[in-house]
Engineer: 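Structure incoming, see below.
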Amino acid sequence: MEQVRTILTVAGLLIIAVGLAWVAHGMGTIHLPASDFITKQSVWTTNGSLVAVFGLIVVLSSRRFLR
């Protein structure tokens, strides 16, 4: 059970990282590559926020429910 908890925690942290990257792209903070289609698009800020919240839920639930 400990392995499942670790896998879900790592997956949740990766999901959070992707969500925060999308937020940064949507806000125009990151420009990689310079002609990226998601730069300064508010929809990607919203999508990234939702993905980051989902990742947080995965991390918290793996810590709480898999004891």
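Because the structure is a prediction, the values reported are computed rather than measured.
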Engineer: Of all the heavy-atom pairs spanning V23 and G48, show the shortest one and how long it is.
Structural biologist: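 So the two residues come closest at CG2-C, 3.5 Å.
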
Engineer: Please name all residues satisfying side chain to side chain contact (heavy atoms under 4.5 Å, CB included) with E2, sequence neighbours left out, ordered by chain then number.
Structural biologist: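 If we apply the side chain to side chain contact (heavy atoms under 4.5 Å, CB included) test to E2, skipping adjacent residues, the hits are R5, T6.
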
Engineer: Please identify each residue that fulfils side chain to side chain contact (heavy atoms under 4.5 Å, CB included) with A24, with sequence neighbours left out.
Structural biologist: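 A24 satisfies side chain to side chain contact (heavy atoms under 4.5 Å, CB included) with T29, I30 once adjacent residues are dropped.
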
Engineer: Between W44 and L50, is there shared hydrophobic-cluster membership here, with clusters defined by ILVMFWY side-chain heavy atoms closer than 4.5 Å?
Structural biologist: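 The answer is no; the residues belong to distinct hydrophobic clusters.
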
Engineer: Honestly curious: do V4 and I57 fall in one hydrophobic cluster under the side-chain, below-4.5 Å linking rule?
Structural biologist: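 No, V4 and I57 fall in different hydrophobic clusters.
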
Engineer: If you link ILVMFWY side chains whenever their heavy atoms are less than 4.5 Å apart, which other residues fall into the same cluster as I16? By chain and number, please.
Structural biologist: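 Hydrophobic cluster check, I16: joined to L13, L20, L56, V59, L60.
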
Engineer: Is there any side chain to side chain donor-acceptor pair (under 3.5 Å) pair reaching into residues 16-28, and which pairs are they, with sequence neighbours excluded?
Structural biologist: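 Side chain to side chain donor-acceptor pair (under 3.5 Å) check on residues 16-28 returns H25-D36.
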
Engineer: Going by side chain to side chain donor-acceptor pair (under 3.5 Å), name the pairs with one or both residues in residues 47-59, residues two or more places apart or in two chains.
Structural biologist: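 Listed by first then second residue: nothing to list.
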
